[in-house]
Amino acid sequence: MSEEKKSLNFIEQIIEDDLANGLPKEKLRFRFPPEPNGYLHIGHAASICLNFGLGLRYNAPVNLRFDDTNPAKEEQEYVDAIKYDVQWLGFKWDKILFSSDYFQQLYNWTIELIKEGKAYVDNQSSEEMAKQKGTPTQPGINSPNRNRSVEENLELFLKMKNGEFEEGSHVLRAKIDMEHVNMHMRDPIMYRILKRAHHRTGNNWCIYPMYDWTHGESDYLEQISHSICTLEFKSHRDLYDWYVDQVFNETKLALRPKQREFARRNLSYTVMSKRKLLQLVEENIVNGWDDPRMPTISGLRRRGYTPSSIRTFSDTAGISKRDNVTDVALLEHCIKDDLNKTAPRVMAVLNPIKLVITNYPEGKEEWLTAENNQEDENAGYREVPFSRELFIEKEDFKEEANKKFFRLTLGKEVRLKNAYIIKGESVVKDANGEITEIHCTYDEDSRSGSGTEASKRRVKGTLHWVSIKHAVKAEVRLYDRLFTDEAPDGHKDKDFKEFLNPNSLKIITAYVEPSLKTAKILDRFQFQRLGYFCVDKETNESNLVFNRTVPLRDSWAKKGV
RNA sequence: UGACCCAUGGUGUAAUGGUAGCACUCCGGUUUUUGGUAUCGUCAGUCAAGGUUCGAGUCCUUGUGGGUCAACCA
């Protein structure tokens with residue numbers, strides 16, 4: 001066997017270079033650092049698969065670290081959901097950690113920085129400070145408070161910490177360079193006053209460190225070798241490095257973490273920003289974070305996506321540094337490919353019309369053997385009931401049709417899947433001319449698997465069906481893309497909600513074979529000839545609910561039009 | 001009137017100075033008791049102009065296009 005040479009992505013190349021330049025392999029360590037202010041989505045999955053994938057590849061630990069420095073937005077509910085999603089995706093973290101674990105250490109370091117004259121308290125309004133900050137093309141000017149004495153800074157900062165000042169009245173700033181070409185280096189804020197309870201530290205603190213002053217230091221404390229984030233943090237890298245430099249102590253913690261950036265993953269026909277997803281939830285445009293139309297991990301799960309399909313998608317899409325919009329067709333391909341191999345086949349009729357087999361004895365019923373999954377030889381068989389009156393799909397019958405219509409018409413034969421060959425004979429119509437029943441006859445010797453000559457006859461079409469007497473009613477939710485535009489938030493002068501698809505959810509009543517009575521929440525099936533479906537969490541004793549994960553490819557419908 | 005990042009088929013990615021490849025999508029053929037799957041095939045790409053080199057998608061220069069940066073958010 002020749003080993004396949006898999007090309008490295010640019011992050012792996014950076015790591016390989018570092019290893020080649022002397023970084024010991026045992027020092028490799030990664031982290032996935034979500035802020036617990038919302039649910040994880042398919043874009044996060046890219047980051048999760050990247051970081052945990054690196055951990056697997058190099059046999060290195062990966063921490064799950066919650067970046068929880070803003071109590072105004074963060075909640076325990078999100079922490080729990082994120083933990084669940086990461087493990088559901090199939091990854092194991094080394095340690096579960098919180099930036100808030102480092103508040104005291106951060107505070108201690110801050111005192112040192114103030115003593116070294118590298119940080120100062122500023123009590124100007126945010127408007128004043130913004131004015132002094134300059135613009136990307138114009139340098140800023142120094143704050144009048146920039147040269148407070150160390151003693152005064154220490155005293156003011158202590159008062160900030162002790163809650164003696166109002167929110168917004170004072171901040172602590174790093175003293176770097178107001179003329180720096182990088183805006184982030186113009187005396188960035190390190191601490192602000194927030195008189196709010198934190199979901200973990202309660203009311204212990206009323207000053208909270210900012211992201212930049214927390215992230216690199218957390219990486220450093222955890223000795224993360226490669227801190228991988230998205231592109232918009234690129235310009236934060238100078239600050240990241242500056243902060244790490246301030247506390248770096250080779251004898252205590254020898255490894256200096258390295259921030260590297262990759263492009264976030266976008267998906268066509270949806271939005272990925274947490275703010276916009278939150279808006280969809282709060283305005284009840286969708287039914288919660290786990291609405292099956294949402295690109296969240298929980299939404300995809302409820303829709304019927306498997307962890308493996310999401311991992312395959314992330315790996316296949318890859319990573320790079322350029323803006324991208326990945327075609328949702330790739331995601332759909334990944335789930336279809338997975339489910340094709342694993343999902344049991346069943347019969348369900350979504351749009352029923354009655355079919356009567358006139359030469360089949362009234363009152364007779366047979367239990368026919370059906371293969372669960374011809375792609376999986378271990379999947380076995382089940383029994384499905386057959387009788388004189390069945391439901392088939394309305395679309396599977398036409399009174400008259402051309403040669404390309406491989407379904408039931410008057411005078412022609414088709415096979416009923418797992419059952420008999422039938423021939424269309426006549427129709428019954430109501431006063432409006434609508435067909436209410438189709439009458440047909442069956443060939444008694446043609447039963448599937450019976451081995452008779454008649455059973456081996458080839459007919460052009462095969463239809464799925466359910467026995468009316470035995471069928472189980474089920475609610476089926478048919479989903480379409482949430483937006484009608486490939487990039488709903490890619491239009492400068494239009495709100496993304498203008499592109500909402502009014503038909504993204506259609507609820508119907510369907511009839512399914514009785515074996516489905518015992519289906520459990522999250523069980524996935526292929527409704528033959530229709531698509532993949534998954535049992536919804538709202539299923540109960542009296543109401544069986546299915547979500548359509550994705551339809552089967554339909555090359556007939558495409559040509560049909 | 002700045003700095004930084006990016007530019008390969010419709011989409012996403014690979015080629016580490018040496019045959020532009022893979023996957024998805026689209027389209028067509030074969031097989032099929034799912035118009036599914038499988039399988040075979042077609043179409044389709046290096047932003048532009050210069051330069052270096054025996055040789056450039058790759059290196060250099062200039063241009064063009066896109067993105068990021070001025071929250072007491074992360």
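Computed from a prediction, not measured in an experiment: that's the story for all the values here. Per chain, numbering begins at 1; letters A, B, ... match sequence-line order.
Comparing B:rA74, B:rC69, B:rA14 by their closest approach to the side chain of A:Ser7 singles out B:rA14. The A:Glu232 side chain lies nearest to B:rU68 when the options are B:rU37, B:rU34, B:rU68. Taking every side-chain heavy atom of A:Pro136 into account, B:rC69 is the closest of B:rG36, B:rC69, B:rU34. Comparing B:rG12, B:rU16, B:rA70 against the side chain of A:Gln13 picks out B:rU16 as the nearest. Nearest nucleotide to the side chain of A:Lys492, out of B:rG67, B:rC73, B:rC69: B:rG67.
Judged by the 6.0 Å distance and 45° axis criteria, A:Lys336 is not positioned over the aromatic ring of A:Tyr532. A cation-pi geometry, defined here as NZ or CZ lying under 6.0 Å from the six-membered ring centre and within 45° of its normal, holds between A:Arg200 and A:Phe98.
Distances shown here put a side-chain N or O of A:Arg529 below 4.0 Å from the OP1 or OP2 atom of B:rG35.
In the displayed structure, A:Phe10 atom CZ is contacted under 6.0 Å by more than 12 heavy atoms of other residues, nucleotides or ligands.
Taking a centre distance below 5.5 Å and an interplanar angle below 30 degrees as the stacking criterion, A:Trp556 stacks against the six-membered base ring of B:rG35.
When each of A:Asp17, A:Asp219, A:Asp18, A:Asp241 is paired with A:Lys258, the salt bridge (charged side-chain N to carboxylate O under 4.0 Å, His left out) condition holds for A:Asp18 and for no other.
Scanning atom types as modelled, one donor and one acceptor separated by under 3.5 angstrom connect the side chain of A:Arg345 and the base of B:rU34.
Residue contacts for A:Met210: at a heavy-atom cut-off of 4.0 Å it reaches the sugar-phosphate backbone alone, with no base atom in range.
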